[in-house]
Visitor: 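Let me give you the structure first, and then I'll get to my questions.
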Amino acid sequence: MEHRLSSLNRRVDPIALILMFILIIIGIILIYSATHLADNPAMQTLYKTQLIWTLVGVVCIYIVVLVPFRFIYDFTYVFYALSLCILVMVLITGSSAAGATRWFAIGPIKLQPSEFAKLAVILALARHLSSHPVSFQNISSFVVPLAILLFPMALIVKQPDLSTSLVFCAVFIPMIYWGGLSVLELFFFVSPVLSLVFAFNIYLWAGFFILLFFLLVKFSRNIIHISSILTINFLIGIVLPIVWNRLHDYQKSRIVSFIDPTNDPFGAGYQVIQSKVAIGSGKILGKGFLKATQTSLSFLPEQHTDFIFSVLGEQFGFLGTFFVLLLFSVLIARLFSLASENKNRFSNLVMVGISSQLAFHVLINISMTVGMMPVTGLPLPFLSYGGSSLISSMILIGLAASLRKKSEDY
Amino acid sequence: MATRNILDDQQYARQFKSRLFIFFWLALFSLILLRFVHIQIIRGSYYSRLSLENMMRLKINKAPRGAIYDRTGVMLARERPSYAISLLYHKVDDQKKLMETLMRIRDSEGDTIFNKRELKDQFWRARRRSFEPIKLADDVPLDVVTVVEEHITDLPGIIVENESRREYPFGTLACHALGYMGEISENDFDSMRTNFDYQYGDQVGVFGLEKQYESGYLRGVDGKEYVMVNAFGREIRAIEDMPSRKVKKGRGIYLTIDYTLQKVAEEAFPDSLCGAVVALNPENGDILAMVSSPRFDPNIFTQSSKNRSRHWRRLLFDPKKPLNNRATTGLYPPGSTFKLVTAAAGLNENIIDVHETFKPCFGSFQFGSRTYKCWQPKGHGALSLINGVQKSCDVYFYQVGLKTGIDYIAQYAHMFGFGQKTGVDLPEESAGEILDERTYNEKFKDRGWIWTKGQILNSAIGQGQVVSPIQLANYPGALVKETALFKPHLFLYSPRTNGARETWKADTLGYIDLKDETRMILIQALRAVIEPGGTGGYARVDSVDIGGKTGTAQNPQGNDHALFFALGPLKKPTIAVAVVVENAGHGGSVAAPIAGKILRTYFNKPGR
Ligand SMILES: [Zn+2]
């Protein structure tokens, strides 16, 4: 027994696992405090359900740890093709009512197919990039990685789920950086996105454009690269705002509400206001465990799922939020540093992808509860109630924490 | 050694990249942390004040609904102020005590306002939306509001809300066109709220124009702001740096209805009879008057829900179905009013000649083994087409129909707009039905009935088809004028915020393909009906060239329906009227006088 435990310890990174379990326990406590006063008796036992999901997750981690490295590497593309099939099936069979297409039932467990797709994209990108580095010198090297990214993304945007598609981008950019781009090249690569951000202020954009121009001229010798990057940025920075201003108000509001469905401060945006009030009223020390006034009065219909962080903020104050943010930071930093200690390109790329995905989820969800980001429906990994999110996050950690040892054995 | 160096380089590069990542994410986390410092430490006491005392409430300022005017500016529907008593559940400290206090409140007649069962329901609903005001009583009389306001400190959780309610100053006038308001059903509420920004308990147009032009024209945009309230729910002031939205009144619409003409039509049509009147302008489809009888008072639907349900039940179970708009959904056999279609088809296809007399009428017509009667048992003798229309001789038209054939009759009926919706801008409309051999066999396949040539005889005199009064008003214009058949409509224009007018975009149902000679004959025939010796003499107007046609529709369930249409001036008609009176016998004696009153009012107007 002791031998097996220590062998398991050798297989996985204990620090990452311990941090994960602390976060899960905090999550269960918060779910209990958010639902123990609920009218519906079924709601009151959600924390027990979450406990069961955790146990299922532990089993999943155990399985993931036992799967040999070779197997993961060999079946990467099969897994990718399979997840594409699932996405297509969901598109065909699922009804479009109220985002129901995002769910896919396997027996009693409902899973979001996009969770599979995220992992599949990470693995497929890692496998491809590990043997085919991307480079600006060879533009065609981008074709396959972009294709790997865009197929599932297009299928999910149709569903429609903008936030999940953004997760793909948040995973893609760090991975191609790791897969061969220099910082400067990455800057050129994401410059159209930055142009889009700056496009709302013409002076800001002009400054950015001039900087981009000099950097390009200084560091690139390929006239086609320079002109095409500048053209794309020019189109986005100048033409897009002109088109935008030409749009009718209702067209604008349609676009805005696609990007930010909670833009109306009186509809769904009300949640954000209430979430801010809940978090703010926690002040430094918080109101104390089970002493919440905002969250227990069911201000927030999704407080135990997407808005779990406001439950934390109200009861445990700034100290609580700081502590949990710190836990997440250490966990993510640990995962990134694991990637640097390893020689196997494939497993490093997988770790970079997984860490970026988790970090992005955490960033978006927490920013949402304080009104820095639109309410997107991305749950907070490990803390939010929900089997799909919890189990898939646990599998990601299990994979990331065991890959190094796996590839060393291999 | 060289390989060793490369490995070191790679390790170095990996470390650099992973540190860059960590640095990048830590920078973003610090940004979030700064936000938490701001919210929880710097602004902490502000939010804690809002939260601890539950002082914040979203206040909705209801936008007044746009008014409805007739074409001359007479206001047909407007807003009146009203009060509602609502409940904010999260402010309630003792639910039982509050309910008891509420049940003691009485109005000036000594009746209680609340009953226990309803209150229980409403409290249960309020519990689920504890931060939204839930309406307990609407359209509360002023004296009750005064009592509640005086005792508001004993009623924690209770608030009085100002509202505005729909009011129809002329009561039943044009009620079926105007429509009425109703509460959003519980089922529709969630989608209505997210898509169209409705609040719980909002009234919404559910019938007629109120429904048709609900969004964009009648419904305004509710104002919203977050307000501080005291412990009794009374509003103190708006909260700074919270979003707010201004009230925008509904734009309102001007109708094609002419109040004077509508009033005359309403008065001419006795309330004891069922039926409909439609008057419209064939030159553009403007509906000048629309009556459906029996009528209802749309004001009852905006009264307090207590009164409302009582009236609602009475209207709903009335066997005469006063809530149906007979002008657009009532379907009747057109009877002899259809004979002009038969005539137009035969003439225009050169199948019959205007002077063709056929076999003379001796009161009946033998076809196959059956005898088909004329309405005049004495018979009409030999007739030309003009006299055939004037006397409305059935035997004459049996023969026209037989010679013309059902395909042409059905084709021309469709051309004149029968058998399809006119597309009038009302949510309720029936298409009616024109049968030919194919559609008849299809329709009665289950019963095993098969089209026989004898059916043509019935079709030729307007038995077997069903049409709506609005179709019957729209079609006469097409018999005499060259322009298209227009889509009838009630919308004239709506003022835009910048003062300009959004006018109706004229829309056609189709073009009328009639030869000039055909049209000249039809005009003569229509005129002859009104002239001495014709069946529609009651619709005569001095010094105006009027034409028309009477009809009597056989009704298997009871007495025959009386139908009549008229239009004028025949050279260039600006008004066409259709009248249908259920179970009233002959069109000429009952329906024609109603049309006559409307026409005389219309033409005696100076300046027209
Ligand atoms: Zn006769």
Side-chain angles (χ1 to χ4, degrees), chain A residues 39 174 177-178 183 264-270 273-274 276-284 286-287 292-294 297-299 313-314 317-322 325-326 328-329 332-343 345 348 351-352 355-356 359-360 362-363 366-367 370-372, chain B residues 7 10-26 28-33 35-54 56 58 60 89-90 127-131 190-191 193-194 197 199 222-226 239 242-245:
Chain A
D39 297 343
Y177 169 59
W178 195 277
V183 179
D264 171 18
F266 307 106
Y270 189 55
I273 290 168
Q274 294 302 345
K276 270 163 75 180
V277 171
I279 292 172
S281 64
K283 299 212 265 192
I284 298 176
K287 294 174 184 168
T293 56
Q294 295 289 293
L297 279 169
S298 344
F299 253 124
E314 186 178 17
F318 181 72
L319 285 185
T321 53
F322 180 72
L325 274 174
L326 196 68
F328 272 121
S329 303
I332 286 159
R334 177 70 192 168
L335 293 180
F336 275 129
S337 67
L338 282 177
S340 73
E341 292 171 11
N342 196 349
K343 294 196 194 80
R345 263 178 79 80
N348 287 346
M351 277 187 251
V352 167
S355 337
S356 303
F360 186 75
V362 172
L363 197 77
I366 296 180
S367 316
V370 285
M372 290 166 84
Chain B
L7 276 178
Q10 282 183 353
Q11 176 138 24
Y12 175 76
R14 281 204 304 271
Q15 260 167 18
F16 174 77
K17 284 186 172 182
S18 111
R19 285 196 187 136
L20 192 77
F21 278 135
I22 294 171
F23 171 78
F24 187 69
W25 286 118
L26 284 184
L28 287 172
F29 276 136
S30 318
L31 256 177
I32 296 185
L33 203 64
R35 179 75 170 183
F36 278 93
V37 169
H38 180 252
I39 289 183
Q40 295 191 290
I41 300 179
I42 299 172
R43 301 277 286 164
S45 7
Y46 168 74
Y47 283 120
S48 128
R49 204 155 42 101
L50 284 181
S51 122
L52 279 178
E53 303 167 29
N54 278 326
M56 190 171 74
L58 177 63
I60 291 158
Y89 191 80
H90 73 281
R127 208 171 126 87
R128 286 165 47 208
R129 307 173 194 271
S130 68
F131 290 86
D190 278 330
S191 74
R193 165 144 85 178
T194 36
D197 198 23
Q199 301 300 318
D222 290 345
K224 290 180 176 184
E225 57 184 339
Y226 289 98
I239 299 176
M242 281 290 178
S244 66
R245 189 172 78 187

Visitor: Return the orientation label for the B:F21 and A:Y177 ring planes: parallel under 30°, perpendicular over 60°, tilted otherwise.
Guide: perpendicular

Visitor: Out of A:L325, A:V362, A:L363, which one racks up the most heavy-atom pairs below 4.5 Å with chain B?
Guide: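 Highest number of pairs under 4.5 Å: A:L363.
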
Visitor: Heavy-atom pairs under 4.5 Å with chain A are the metric here; pick the option from B:F29, B:F36, B:F23 that has the most.
Guide: B:F36

Visitor: Quick check for you: among A:I284, A:T321, A:V352, which has the greatest number of heavy-atom pairs under 4.5 Å with chain B?
Guide: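 Option with the greatest count: A:T321.
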
Visitor: Highest number of heavy-atom pairs under 4.5 Å with chain B: which of A:A333, A:S367, A:S356?
Guide: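 So the answer, after comparing A:A333, A:S367, A:S356, is A:A333.
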
Visitor: Is there a donor-acceptor pair under 3.5 Å between the side chain of B:R35 and the backbone N or O of A:M372?
Guide: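 No: the side chain of B:R35 does not pair with the backbone of A:M372.
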
Visitor: Measure B:L20 against the heavy atoms of chain A and call it side chain, backbone, both or neither at under 4.5 Å.
Guide: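 The side chain, not the backbone.
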
Visitor: Return the minimal non-hydrogen interatomic distance between B:S18 and A:S337, and the atom names on each side.
Guide: OG-CA, 3.9 Å

Visitor: For B:Q40 and A:I279, indicate whether the former's side chain and the latter's backbone hold a donor-acceptor pair under 3.5 Å.
Guide: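 Checking the backbone N and O of A:I279 against the side chain of B:Q40, a donor-acceptor pair under 3.5 Å is found.
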
Visitor: Against chain B, label A:A339 side chain, backbone, both or neither, depending on which of its atoms sit under 4.5 Å from a heavy atom there.
Guide: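 Answer is backbone: N, CA, C or O of A:A339 sit under 4.5 Å from chain B.
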
Visitor: Parallel, tilted or perpendicular: which describes the rings of B:Y12 and B:F16, with under 30° parallel and over 60° perpendicular?
Guide: parallel

Visitor: State, yes or no, whether a side-chain contact exists between B:R14 and A:W178 at a heavy-atom distance under 4.5 Å.
Guide: yes

Visitor: Using non-hydrogen atoms only, which part of B:L33 is less than 4.5 Å away from chain A: side chain, backbone, both, or neither?
Guide: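 Backbone plus side chain of B:L33, per the 4.5 Å heavy-atom cut-off to chain A.
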
